[in-house]
A.B. asks: 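Okay, here's the structure, questions in a sec.
In what follows, every chain begins at residue 1, and chains take the letters A, B, ... in the order their sequences are listed.
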Amino acid sequence: MRQNRCSGIANGTKEWQVRGVSNPFREDLVSRNLPEACTVVIFGATGDLTHRKLIPALYNQAADGELPAGVKIIGFARRNWTDEFFREGLEKLNREVSRTGHDEEVWASLASNIEYHQSEFQDDDGYRRLAERLDAIDQERGGKGNRLFYVASAPEYFDDILLHLKRAGLSDEREGCWSRVIVEKPFGTTLATAQHLNEVVNGTFEEKDTYRIDHYLGKETAQNIMVLRFANAIFEPMWNKQFIDHVQITCAEHLGMEGGRGGYYDQAGALRDMVQNHLLQLLSLVAMEPPTDLSADGVRDEKVKVIRSLRQWDTPELVAENVTRGQYTSGNINGKEVPGYCEEDRVDPESETEAFVAVRCMIDTWRWSGVPFYVRVGKRLPKKATEISIHFKETPSVLFNAAPGGVPDGNVLVIRIQPDEGISFRINSKLPGTTLRMEPVKMDFHYSSSFGKSSPEAYERLLLDAMAGDATLFARRDEVEEAWRFVDNIENAWHESDNPPLMAEFPAGSWGPKEADEMLKSEGRKWRRL
Amino acid sequence: MEEALMSGKISTEGLGMPVEIAAIDGELRKLWEADEASTNASLMNFLVYTEDPHELTANSKMIQKLTREHACRAVLIAMDRKAPKPSVAAWITAHCHLAHGKKSICSEQISFLLSGYSFGRFRNTVFAHLNSDLPLVFWWQGEISDLFEERLYSILDRFIFDSSTWSNPTEGFAKIMEAREQTNDHMVTQDLSWTRSYHYRLAIAGLFDDPAAERSFFEIEEVNIVAQKSQRTSALLLLAWVTEQAGWKTGLELGLTAETNPENGESFLFESKEGRNIVAKITWDDDGAPLSLLSIKSPDCEVKVSRQEGTSHLCQAICTAGHCLNVSGPADADDPEGLVADQLSRGGKNSLFLRMLPRFLKLL
């Protein structure tokens with residue numbers, strides 16, 4: 001009888017399962033889902049993502065002892081490289097970027113499990129050879145046949161890769177072991193293309209085996225949002241329209257289109273590139289109801305309710321009222337002259353793509369009725385910073401309105417996502433002296449000051465989660481599609497209507513167009529100064 | 001004590017500025033006011049206690065390293081119990097380092113040298129110099145003495161010790177268990193002898209995911225541990241973990257005993273759920289790493305985790321039918337401050353250790 005490679009026993013069921021137990025040595029050892037040994041196949045292995053993020057993430061897991069024994073890595077790409085050449089390139093980059101440094105012994109151990117597989121993404125034979133190779137690995141290693149396919153190629157190849165995986169039988173359900181797929185962003189460019197991609201993905205892999213990566217969710221501070229909200233009794237009772245005036249989410253980038261990124265960016269724009277995925281994910285973590293449990297679907301069920309409850313800006317008038325788009329003109333950042341957006345490398349001089357967008361989001365739920373969530377993202381802003389600020393309502397004006405300075409400002413809770421990750425809280429305090437004068441003061445928590453140990457990179461956490469079958473920090477199909485529905489309405493108003501809202505301009509190095517400031521000013525608010 | 005300090009018998013190097021006990025808070029404030037460029041960071045009160053006054057400077061050096069990852073208010077207390085008359089000396093300093101190459105982050109340290117006997121002085125010294133609201137982590141170095149009493153341990157959040165340094169572990173653990181009982185298990189206890197085998201346990205758990213090892217689990221005949229003789233409690237805790245997790249009964253419960261030559265090591269018998277006998281041997285090797293081998297053998301498979309002296313990696317192997325799958329992974333720290341740092345990073349209630357304790361105490 002042929003042995004089943006997944007289980008190692010003849011009838012295809014795990015020995016532990018036969019005996020009605022699980023690996024007893026695992027019990028109580030660590031408080032997270034444990035990653036299982038597998039072969040990781042990376043499509044687009046010659047690209048920057050593999051070299052700068054994925055392999056260093058796997059290396060750091062190995063250095064920290066988190067990577068399960070028996071993990072094999074196969075890089076799948078079109079270039080005619082050898083195993084040796086592939087490994088040398090990976091090693092060179094790992095030395096530069098690894099969070100934990102580069103230890104020869106750890107690298108040697110990891111590198112001995114890295115191979116290169118040359119094939120076109122549309123070549124049936126390449127996938128047939130891949131299947132044979134995976135079978136041979138399982139055979140010779142005597143390990144489980146778990147497989148993790150990481151689609152890190154350019155998005156135009158996603159369909160080909162997924163369809164060929166299916167055709168080669170590589171996504172087939174095999175008893176006792178799993179095959180999973182991680183798909184990189186962009187997950188579609190419109191609702192229709194996302195739906196199409198979802199059809200292709202789910203025609204190949206079941207939804208439970210599909211992991212749509214959004215690396216923002218792997219960041220320590222993003223994960224801390226739920227802890228902050230639900231593990232601290234003081235916040236949750238105030239986390240609603242009764243006490244919160246508004247919420248701001250800012251993702252500022254001082255860079256422009258350096259390094260050839262103009263080619264991609266000019267096709268996408270700020271709304272598709274950042275708001276549809278990262279910022280709506282952050283918004284949903286801030287606004288969601290407490291989940292019934294911390295299971296993947298428990299959390300994602302609540303997040304998707306938020307996205308589904310976003311009021312749709314589905315006419316040009318509503319978009320003009322609630323969304324500001326803009327392009328930067330030439331300016332000065334850090335003492336350096338920088339060109340305007342339309343003069344950037346690989347950007348169409350007549351481009352109608354936004355490099356800045358600010359959106360007023362309204363969440364039509366009982367908790368958030370009437371509370372605006374202002375989301376802004378842009379290139380060539382004064383500095384790089386991503387943060388969420390919760391602006392609490394001001395106190396009643398009965399006590400301090402006669403005091404110099406008048407009614408004190410409302411409290412602000414700030415969650416800094418990057419850089420300088422941390423949390424701060426602004427409160428009002430009396431200035432020392434014989435008169436009653438108040439000034440806001442800040443209580444500040446910095447991850448880097450309090451915890452000397454560096455946090456794992458987002459990709460480290462997410463890769464381990466995928467190996468462990470924990471999809472909590474990955475986007476689900478309905479989340480992605482609902483987010484596209486919201487974004488598509490705005491895109492349609494900009495590009496399909498007869499009366500499109502105007503493209504605003506702002507000098508590079510400033511905090512965006514004045515129209516974005518006006519959006520808040522008209523409601524008596526202003527953007528937080530970062 | 002003054003004589004010992006004056007004559008240089010007790011070194012005060014690295015302890016910082018001598019201060020009057022009553023002026024400690026004021027002097028600390030001045031220290032921070034004088035340095036506007038640094039950030040005072042603290043996540044916990046970290047108290048290190050030793051009854052060897054010569055350890056004070058060594059502990060200060062350890063805190064210097066430890067605070068790179070664990071910002072704290074460090075309180076070092078050394079007790080010279082043999083000194084004829086009671087006296088107290090104190091010093092303050094700050095340990096600073098650059099966080100991510102930029103900001104200077106500092107942790108403050110207060111050191112005390114207590115001499116002679118004075119009722120309640122040790123406990124009150126602890127009480128008086130804690131940062132309010134922050135957790136209190138207490139690292140007790142060496143034997144647990146009579147100063148470990150209810151009014152002290154009732155305020156501890158985390159108690160760290162190393163049972164491998166005790167001359168009588170049975171007595172030491174009895175005191176710990178009593179303290180836990182008195183505090184309704186509120187105090188988290190952490191034995192560095194248990195921390196020392198963390199990566200061994202992690203490696204074994206990972207290796208037993210492999211189908212070959214999985215099958216062999218139900219046919220295990222032999223467990224071998226090699227350790228330095230001074231690490232007897234580390235070895236026994238590791239053996240307690242393997243056998244408890246595997247669900248084997250101890251031979252002691254069944255009236256089975258194994259022949260042992262105490263000079264070379266110790267042997268134990270266990271019985272699996274299926275009624276098979278399993279022999280467990282602990283062999284002493286003072287030339288090797290503190291824990292240098294854990295091997296679990298069945299007729300067709302050997303799962304082995306080993307470490308060579310001086311290396312920072314564990315070699316993990318599954319050998320079956322002449323073929324071995326080898327991988328390497330990180331090893332546990334050898335130095336106490338490294339073990340403490342790892343333990344602080346992991347946090348938690350240490351419930352697995354508590355579950356092992358009854359079996360470990362039987363093996364002890």
Side-chain angles (χ1 to χ4, degrees), chain A residues 3-9 14-19 21-31 34-37 62-71 100 103 105-106 108-110 112-113 138 140-146 176-177 419-420 444-454, chain B residues 39-43 66-71 97 99-100 102-103 105-106 198-199 201-218 241-242 244-247 273 311-314 316-318 320-321 323 325-331 341 345-348 351-352 355:
Chain A
Q3 277 224 330
N4 181 310
R5 283 182 298 278
C6 305
S7 65
I9 58 174
K14 288 181 180 180
E15 186 79 36
W16 300 127
Q17 290 167 347
V18 173
R19 310 271 182 158
V21 294
S22 55
N23 178 349
F25 298 119
R26 286 279 188 206
E27 201 184 339
D28 284 350
L29 205 55
V30 285
S31 57
L34 286 157
E36 294 181 49
D64 286 347
E66 300 262 20
L67 194 67
V71 165
T100 57
D103 181 289
E105 199 169 334
V106 176
S109 173
L110 183 72
S112 67
N113 289 305
D138 296 343
E140 90 191 30
R141 304 292 297 269
K144 290 181 184 175
N146 295 327
C177 54
D420 193 18
D444 212 350
F445 159 68
H446 296 253
Y447 266 84
S448 62
S449 305
S450 301
F451 304 106
K453 199 168 184 175
S454 58
Chain B
T39 301
N40 175 12
S42 186
L43 282 179
L66 201 92
T67 49
R68 287 178 187 279
E69 287 196 2
H70 301 283
H97 63 275
H100 307 291
K102 291 183 283 189
K103 201 163 28 173
I105 305 297
C106 300
Y198 176 76
H199 281 293
R201 287 177 270 129
L202 218 52
I204 288 290
L207 292 172
F208 270 93
D209 280 341
D210 186 279
E214 201 177 303
R215 280 196 306 278
S216 77
F217 175 81
F218 300 95
W241 173 74
V242 171
E244 176 77 21
Q245 296 301 89
K273 284 176 185 164
T311 60
S312 59
H313 293 92
L314 293 179
Q316 305 168 26
I318 302 169
T320 173
H323 174 78
L325 164 67
N326 292 297
V327 280
S328 70
S345 298
R346 284 173 208 139
S351 55
L352 183 60
R355 205 149 54 70

A.B. asks: Can you name the closest pair of heavy atoms from A/Asp64 and B/Pro330 and give their distance?
C.D. replies: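 Reported closest heavy-atom pair: C-CG, 3.6 Å.
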A.B. asks: Suppose we screen for side-chain hydrogen bond (donor to acceptor under 3.5 Å, both in side chains). Which residues come up paired with B/Ser345, at least two apart in sequence or across chains?
C.D. replies: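 Expected list: B/His70.
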A.B. asks: Calculate, to the nearest 0.5 Å, the distance between atoms CG and CZ belonging to B/Leu202 and A/Arg26 respectively.
C.D. replies: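 That separation rounds to 7.0 Å.
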A.B. asks: Can you confirm whether B/Thr311 sits close enough to A/Glu105 that some side-chain heavy atom of one is under 4.5 Å from a side-chain heavy atom of the other?
C.D. replies: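 No, side chains not in contact.
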A.B. asks: Which residue out of B/Ala331, B/Gly329, B/Ser328 racks up the most heavy-atom pairs below 4.5 Å with chain A?
C.D. replies: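 With the most close heavy-atom pairs to chain A, the winner is B/Ser328.
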A.B. asks: Do B/Glu214 and A/Asn23 have side chains that approach each other closer than 4.5 Å (heavy atoms only, starting at C-beta)?
C.D. replies: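 Contact flag for B/Glu214/A/Asn23 side chains = no.
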A.B. asks: Identify, with sequence neighbours excluded, every residue that meets salt bridge (Lys or Arg N to Asp or Glu O under 4.0 Å) alongside A/Asp444.
C.D. replies: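 Expected list: A/Arg416, A/Lys442.
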A.B. asks: For B/Arg355, which atoms come within 4.5 Å of any heavy atom of chain A: side chain, backbone, both, or neither?
C.D. replies: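 Interface part for B/Arg355: side chain.
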A.B. asks: List the atom of A/Pro24, the atom of B/Gln245, and the distance in Å for their closest heavy-atom pair.
C.D. replies: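 Closest pair (atom of A/Pro24, atom of B/Gln245, distance): O-NE2, 2.9 Å.
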A.B. asks: List the steps and the verdict of side-chain contact (heavy atoms from CB on, under 4.5 Å) for A/Asp103 and B/His313.
C.D. replies: CA-CA 11 Å; A/Asp103 181 289; B/His313 293 92; 3.5 Å; yes
A.B. asks: Which pair of non-hydrogen atoms, one from B/Trp241 and one from A/Phe25, has the smallest distance, and what is that distance?
C.D. replies: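 For B/Trp241 versus A/Phe25, the nearest heavy atoms are CZ2-O, 3.5 Å.
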